[in-house]
Amino acid sequence: MAASPGLSTRGNIAILSMLLCILVGGTWLVVKVTADHLLYRSTTSTARNWGRYLAESITDLEQIAAGERPSNASMVFFQAARRSGQVFRYEIFNRYGYSQLVSDQEKITVVDLSEFNADAARAIDSGQPIVDTQAGHSADLPAFYARAYVPVVIDQRPVAVVAAYIDQTTARNEVYKTFLLAAASLCLLTALSFGLPAIAWYRRTKEKQHADRRIRFLAHHDALTGLTNRPYLIEMLEKALAVLPVRGGSIAVHFIDIDRFKEINDTLGHDGGDFLLKTVAGRLRATIRLDDIVARLGGDEFVVIQSDANGKDAAEQFARRLMSALTVPMQFKENAILSTVSVGIALAPADGSNPERLLKSADLALYKAKADGRDCFRFFLPEMDTELQARIELEGIIRDAVRHDRFELYYQPLFEMSDRRLVGFEALIRLPRKDGTLIPPMVFIPVAKELRLIDKIGTWVLREACRTAMTWPEHMTVAVNLSAAQFLTGSISAIVAVALKETGLAAKRLELEITETLLLGNTETIIAELRTLKAMGVAIVMDDFGTGYSSLSYLWRFPFDKIKIDRSFMQGCDGPSHEAETVVKTIIALGRELHMRVTVEGVETAKQAAFLEQVDGDQVQGFFFGRPIPASELAASILADFQWQQAHELEAKGKIRLVT
Ligand code: C2E
Ligand code: MG
Ligand code: MG
């Protein structure tokens with residue numbers, strides 16, 4: 001196994017410190033040995049010189065060595081030599097190495113009982129001076145001194161040995177002081193010349209390590225939240241799945257997506273979005289157990305791996321815990337963020353035996369949770385795969401149709417109830433597939449809304465419907481359905497005005513159909529828009545009336561021009577009970593009271609048509625009277641109506657008799 005970088009750095013530091021110690025210690029040692037050597041050389045040389053000087057200067061040395069008293073001249077010399085300061089003692093030995101005279105301090109002693117000195121004897125034998133240095137250990141000796149035993153040879157005959165003891169304490173101290181200074185300076189220099197690059201190297205290594213750690217962290221984690229990223233999650237999931245067969249149990253993958261994150265991001269700005277993501281990350285971290293993994297896959301998508309899920313129930317409980325932790329309101333500056341999340345759950349090994357498949361299964365389940373209204377969790381089911389394929393295909397067709405204007409408008413006729421006169425058409429959008437079959441609006445409009453393409457589509461419908469209506473007789477109207485989403489993004493009245501202006505259609509010929517869901521939201525702004533449209537001369541129609549939550553309350557909040565009774569009531573009329581019929585009659589009466597025209601939608605059968613004979617409605621629409629048809633077939637339909645009307649007029653005038 002490779003050593004970790006941390007360990008190798010510590011090892012390197014130890015080696016460097018050791019090298020530094022060796023260098024400093026070595027420098028110290030070399031300087032010390034050199035100083036000692038020099039001191040020895042200088043000290044012993046001084047001693048030897050003194051010895052020689054004494055040997056040459058004392059004329060009666062042979063006599064003294066033979067045990068006679070020194071001459072007066074020698075005594076004077078001894079005194080003088082001792083006073084010179086450095087020589088604190090000298091001795092004269094006979095040629096056998098026995099001491100004969102000792103001059104010590106103030107005293108010159110002629111030794112009676114002479115003592116043998118091995119050094120002196122050696123000097124006589126070798127004929128060479130013997131020198132050494134000594135440390136003085138008693139009070140009468142200097143701390144450091146040198147001794148020289150110099151043999152005195154007369155006529156090639158050794159006659160005596162002169163020993164000089166030289167006090168070298170001051171000299172030694174001086175040398176040591178200089179040595180210390182030199183050693184310290186050298187050590188400092190060595191330390192600096194070695195240490196500075198070493199420190200620089202150490203700092204560089206540390207910085208590199210820090211950068212390496214950061215790079216490694218970023219390679220495995222998400223920079224914003226610090227959570228595990230997708231590649232690392234897959235790596236860990238792979239490991240967890242590898243041990244699953246041995247360990248048993250199951251792993252749950254919880255795919256979490258913040259509901260309407262984009263809206264929050266748009267409202268609070270990126271700071272707010274980042275705050276939300278970080279808070280979610282923090283809460284997820286706080287909710288999971290030690291063995292679990294929490295990752296951010298990007299955007300507002302998080303994944304939690306519940307490592308020991310132990311079946312569906314445990315996964316469900318865990319998902320509930322995650323959801324309730326994440327839906328606690330958060331405070332960002334002065335804004336309270338109330339967000340919900342949707343969760344898709346996949347279980348391993350049942351829903352996938354590799355990370356990619358598991359994540360895909362969880363993502364599909366999340367997709368279902370979103371489609372089911374968000375703020376909920378869903379488990380993966382095998383059939384979700386095909387649903388997703390269909391959805392992806394549909395999204396592709398929608399995008400393509402928007403890009404290349406591939407939508408088509410069909411037109412369903414509206415007739416006056418009293419005389420069955422054609423009064424206009426409702427434009428109904430169709431999305432053709434490649435094979436020519438048509439996708440109904442109920443299928444693709446909700447998807448287009450999610451893709452945020454409904455604005456573009458709606459604008460195209462308006463323009464296209466107005467353009468087509470311009471080809472019809474002037475008394476005919478065109479009805480266009482508006483989706484609530486079209487009111488949210490921009491000014492719909494401005495878009496309508498442009499469509500009218502560009503196509504030249506008179507505003508009174510345009511009817512705009514809205515459903516009551518539009519009025520559930522930001523009503524004030526929407527009602528203001530509707531008023532603007534009405535003021536332009538456009539008729540506003542309440543579509544699918546009777547299917548919503550509180551239709552009646554909307555009726556008095558805005559003066560609709562027309563109410564279209566939802567087709568479900570017509571279907572109800574086919575049943576045995578007369579309740580639906582009563583409701584239809586009541587709505588028509590209500591419309592009368594409120595001065596709103598009433599259209600009955602979804603008339604499919606002759607029985608339904610017959611029932612309408614008895615009621616006081618304004619217009620009818622339904623398969624019984626005419627199915628939605630493409631624009632290309634409209635001319636024939638309009639012509640047929642024209643002929644029908646003319647035939648009726650002739651019949652009225654008694655000129656012909658129509659046979660039905
Ligand atoms: P809607 O506005 O209520 O349109 C009437 C729907 O009822 C049409 O369905 C029409 O084909 C269908 N219909 C008409 N008569 C009968 C009948 O006798 N029996 C039955 N069973 N159905 C009948 P379509 O065209 O599938 O449209 C469905 C809905 O899609 C429309 O309901 C409308 O809400 C929406 N839609 C259609 N075109 C557009 C559009 O251009 N923009 C928007 N935003 N929505 C549209
Ligand atoms: Mg409609
Ligand atoms: Mg309708």
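Ligands are counted one by one from 1 in listed order, and the atoms in each one are counted from 1 as well.
Using a 4.0 angstrom heavy-atom cutoff, Gln621 does not count as in contact with ligand 1. Using a non-hydrogen distance threshold of 4.0 Å, Met570 does not register as a contact of ligand 1. For the ligand labelled ligand 1, residue Gly458 lies outside the 4.0 Å heavy-atom shell. Between Arg627 and ligand 1 there is no heavy-atom distance shorter than 4.0 Å.
For the Mg ion (ligand 3), the N/O/S atoms of Asp544 include one lying under 2.8 Å.
Per-residue contacts place Gln412 under 4.0 angstrom from the following atoms of ligand 1 (heavy atoms of the residue considered): 10 (C), 14 (C), 15 (N). Each of the atoms 24 (P), 25 (O), 26 (O), 27 (O), 28 (C), 30 (O), 36 (N), 37 (C) of ligand 1 lies under 4.0 Å from some heavy atom of Pro441. Against a heavy-atom cut-off of under 4.0 Å, Ser483 is close to the following atoms of ligand 1: 44 (N). Close contacts of ligand 1 with Val603, meaning ligand atoms under 4.0 Å from a residue heavy atom, involve 18 (O). Listed by number with element, the atoms of ligand 1 under 4.0 Å from a non-hydrogen atom of Val461 are 41 (O). Per-residue contacts place Pro628 under 4.0 angstrom from the following atoms of ligand 1 (heavy atoms of the residue considered): 11 (O).
Atom 20 (C) of ligand 1 has Glu604 OE2, 3.1 Å as its closest protein atom, hydrogens excluded (heavy atom only).
Residue contacts with ligand 1, taken as heavy atom pairs separated by less than 4.0 Å, involve Arg567 solely via side-chain atoms from C-beta onward.
Among the heteroatoms counted here (N, O or S) of Glu513, OE1 is the one nearest to the Mg ion (ligand 2). Here the N, O or S atom of Glu601 that is nearest to the Mg ion (ligand 3) is OE1. The minimum distance between the Mg ion (ligand 2) and any N, O or S atom of Asp543 involves atom OD2.
A cation-pi arrangement is found for Arg627 relative to Phe623, the charged atom lying closer than 6.0 Å to the ring centre and inside a 45° cone about the ring normal.
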